[in-house]
A.B. asks: 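This is the structure, below, for whatever I ask next.
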Amino acid sequence: MSIKRIRVYPDPILRKKCRKVKNIDDKIIRIAKDLKETMLAAGGVGLAANQIGELSRIITLHIPEEKKPLVLINPEIISKNGTRDVLEGCLSFPGYQGLVKRSVSVSARWLDLNKSLYKVTKEELFAQALEHEIDHLNGILYTDHLLEHEKLKQAGLQDGLNEDQPHSHDVDMKIIAHKEQGEPIEILESRLNFSKLYSDSSISQMQYDLFNEGYLEN
Ligand SMILES: [Zn+2]
């Protein structure tokens with residue numbers, strides 16, 4: 001077992017979808033143990049395999065009231081109920097927290113390393129962690145769920161953390177294009193997926209595309 005480097009945003013592996021585990025073999029057991037050890041060393045509530053560079057559907061959870069850390073293979077959410085706003089953070093965005101909408105309760109199933117099947121319904125932190133970590137396996141980050149861009153705030157910023165760390169948020173925007181002076185002639189509505197972009201240069205690219213389509217003047 002060893003402690004792995006936790007990948008931080010914008011590492012592209014965080015946007016990769018993890019593959020279903022077909023056999024719980026020695027390799028999977030090793031990844032699961034590394035994941036658990038890395039999560040415990042970082043003091044996290046949960047960690048997903050792609051956060052340590054492995055593309056298998058494995059997460060680990062350490063929910064205080066559960067006492068023992070858990071390994072979940074091929075975890076799936078079966079159903080969810082209700083919504084609530086919660087403050088959330090992620091080991092791949094060190095130093096930041098944001099307000100997101102999560103379910104009040106979540107029913108999920110998974111296998112443990114002995115191939116035993118678990119089916120549970122959980123609330124509170126356990127439910128939140130299941131949604132957060134299973135999102136990771138699908139390449140989804142909590143910043144994709146931020147309620148308000150402004151709410152992403154630096155939490156407990158300490159020396160050594162990068163204050164300029166990029167954050168992302170999908171923004172609905174409306175572009176009113178004036179090809180000539182006078183009445184707006186076309187309104188484009190689009191969703192700008194900042195969460196899928198890796199740098200501000202993508203915004204320049206968008207302006208460039210709009211210009212080439214004749215919507216913006218040079
Ligand atoms: Zn996370």
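Whatever order the structure lists them in is the order used to number ligands and atoms, beginning at 1.
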A.B. asks: Got a sec, which residues hit ring-ring contact (aromatic ring centres under 6.0 Å, His included) with His62, two or more places apart in sequence or on another chain?
C.D. replies: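 Expected list: none.
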
A.B. asks: How would you list, by chain and number, every residue that makes a side chain to side chain contact (heavy atoms under 4.5 Å, CB included) with Ala42, sequence neighbours excluded?
C.D. replies: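 Partners of Ala42 under the side chain to side chain contact (heavy atoms under 4.5 Å, CB included) test: Ile6, Leu91.
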
A.B. asks: What is the number of protein N, O or S atoms that sit under 2.8 Å away from the Zn ion (ligand 1)?
C.D. replies: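 Under the 2.8 Å cut-off, the count stands at 3.
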
A.B. asks: Which pairs would a plain distance check flag for residues 117-126, meaning a side-chain donor or acceptor within less than 3.5 Å of a matching protein atom at least two apart in sequence or in another chain?
C.D. replies:
{"unit_1": "Tyr118", "atom_1": "OH", "unit_2": "Asp112", "atom_2": "OD2", "d": "3.1"}
{"unit_1": "Thr121", "atom_1": "OG1", "unit_2": "Ser107", "atom_2": "OG", "d": "2.8"}
{"unit_1": "Lys122", "atom_1": "NZ", "unit_2": "Glu66", "atom_2": "OE2", "d": "3.3"}

A.B. asks: Quick one: are Asn74 and Trp110 in side-chain contact, heavy atoms under 4.5 Å?
C.D. replies: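 The answer is no, as the side chains (C-beta and beyond) never meet within the 4.5 Å cut-off.
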
A.B. asks: Determine whether Pro69 and Leu40 make a side-chain contact, defined as any pair of heavy atoms from C-beta on separated by less than 4.5 Å.
C.D. replies: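 They are in contact (side-chain heavy atoms under 4.5 Å apart), so the answer is yes.
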
A.B. asks: Are the side chain of Arg57 and the backbone of Val21 linked by a donor-acceptor contact shorter than 3.5 Å?
C.D. replies: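 Flag not set: sc Arg57 to bb Val21 has no pair under 3.5 Å.
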
